[in-house]
Amino acid sequence: MIHPLRQERFPEEHPDPIISFVGLEAAGGMTQPHSHGRAQLFHITRGSVTVMTQAGSFVVPPERAIFIPPGITHNSIYHTETEVRFLYMRPERLPAMPDRPFVVQVTPLLRELILGFMRAAPDYPDDGPTARLAAVLVDQIAASHVAPLHLPMPDGERLRAALAPLVEDPAANLSAETLAARANLSLRSFERHFSAQTGLTFRAWRRQARLMKAVELLAQGVAVGEVADRLGYEGPSAFVATFKKAFGVTPGRYFEGT
């Protein structure tokens, strides 16, 4: 059972090394861009959310989480009614961590550590069992597997504007040549700038965009066949094969949580 005080938002100045909050967000809800002085673990237990940052967007389906370092401006869009657990961690208490957000797979151990922490009362002593549990929890986050659910965005405004329709609909009939023209670039310049700013070729980026949209749709309960059709795959089997190559499991297994 979640401790009742975990359903209240504590100020970030609170002395606990980790403060937390359990909440329910409505479908279609959107937060305004903001940042925190603490690092944040954004854990989804039911529903689906996209978290957007300047560096790109992240899809967070059930039993996944996103780690957001302190000071990173972000905002969220909730695609369905979503149960969330937030952990806010003092940065000086963290081990070496990436300085950019990343999506983590919530293993059974990490899930139980989060739940155990949520059961404990706030205002815990530094040398007590809750503090020791919190330290193990942080170690597990630092060592967690990074799931490939990040869609990097280019820094340049022209490229970002040109890509906007594909972010919304990765199956849109827009070629690299068309996007280059929208950005007032030659195809060669477009491809060079795109790779330099995202770390991906345009083809790989588009494949990642389709997979992220697929995760979003599957989390909303859309059938595999319909997802494959909406995203332009040749058929359900082609989609499942692509999904398994990227994530290591089929869509059904992926949403069982591991």
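Just so it is clear, the model here is predicted, and its values are computed rather than measured.
P122 is listed as a side-chain neighbour of R6, based on a closest heavy-atom distance under 4.5 Å. Side-chain contact between L113 and L109 is present, with at least one heavy-atom pair separated by less than 4.5 Å. Side-chain contact between F21 and L87: absent, with no pair of heavy atoms (C-beta onward) separated by less than 4.5 Å. Proximity of L174 to P165: side-chain heavy atoms (C-beta onward) are separated by under 4.5 Å at one or more points. In this structure, the side chains of F67 and R100 stay at 4.5 Å or more apart for every pair of heavy atoms. Contact of the P17 side chain with the D126 side chain is registered, since non-hydrogen atoms from C-beta on lie closer than 4.5 Å. Looking only at side-chain heavy atoms (C-beta outward), F86 and S20 stay at 4.5 Å or farther from each other. Between R64 and V104 there is no side-chain heavy-atom pair separated by less than 4.5 Å.
Under a hydrophobic clustering in which Ile, Leu, Val, Met, Phe, Trp and Tyr are joined whenever their side-chain heavy atoms come within less than 4.5 Å, directly or via other members, I19 and I68 fall into the same cluster.
Ring centroid separation for the pair F58 and F102 does not come in under the 6.0 Å cut-off.
For the side-chain contact (heavy atoms from CB on, under 4.5 Å) with V49, the lone residue among V60, V59, T80, T31 that qualifies is V60. Among V22, L24, I44, the one residue that satisfies the side-chain contact (heavy atoms from CB on, under 4.5 Å) test with E83 is L24.
The side chain to side chain donor-acceptor pair (under 3.5 Å) analysis of residues 218-233, with sequence neighbours excluded, yields the pairs E226-R230.
Nearest heavy-atom pair across P170 and A209 is CG-O, 3.4 Å. When every heavy atom of P154 is checked against every heavy atom of L159, the shortest pair comes out as CG-CB, 3.6 Å. Annotation for L41 and I141: closest pair CD2-CD1, 3.7 Å, computed over non-hydrogen atoms.
By the salt bridge (charged side-chain N to carboxylate O under 4.0 Å, His left out) test, R90 is found to be paired with E92, residues two or more places apart in sequence or in another chain being considered.
Under the 30°/60° scheme for interplanar angles, the aromatic rings of H36 and H74 are found to be tilted. The aromatic rings of F10 and H14 sit perpendicular, their planes meeting at an angle over 60°, well past the 30° parallel limit.
Here M1 sits alone; no ILVMFWY side chain lies under 4.5 Å from its own, so it joins no hydrophobic cluster.
The CZ atom of R9 lies 5.0 Å from the OH atom of Y88; values are rounded to the nearest 0.5 Å.
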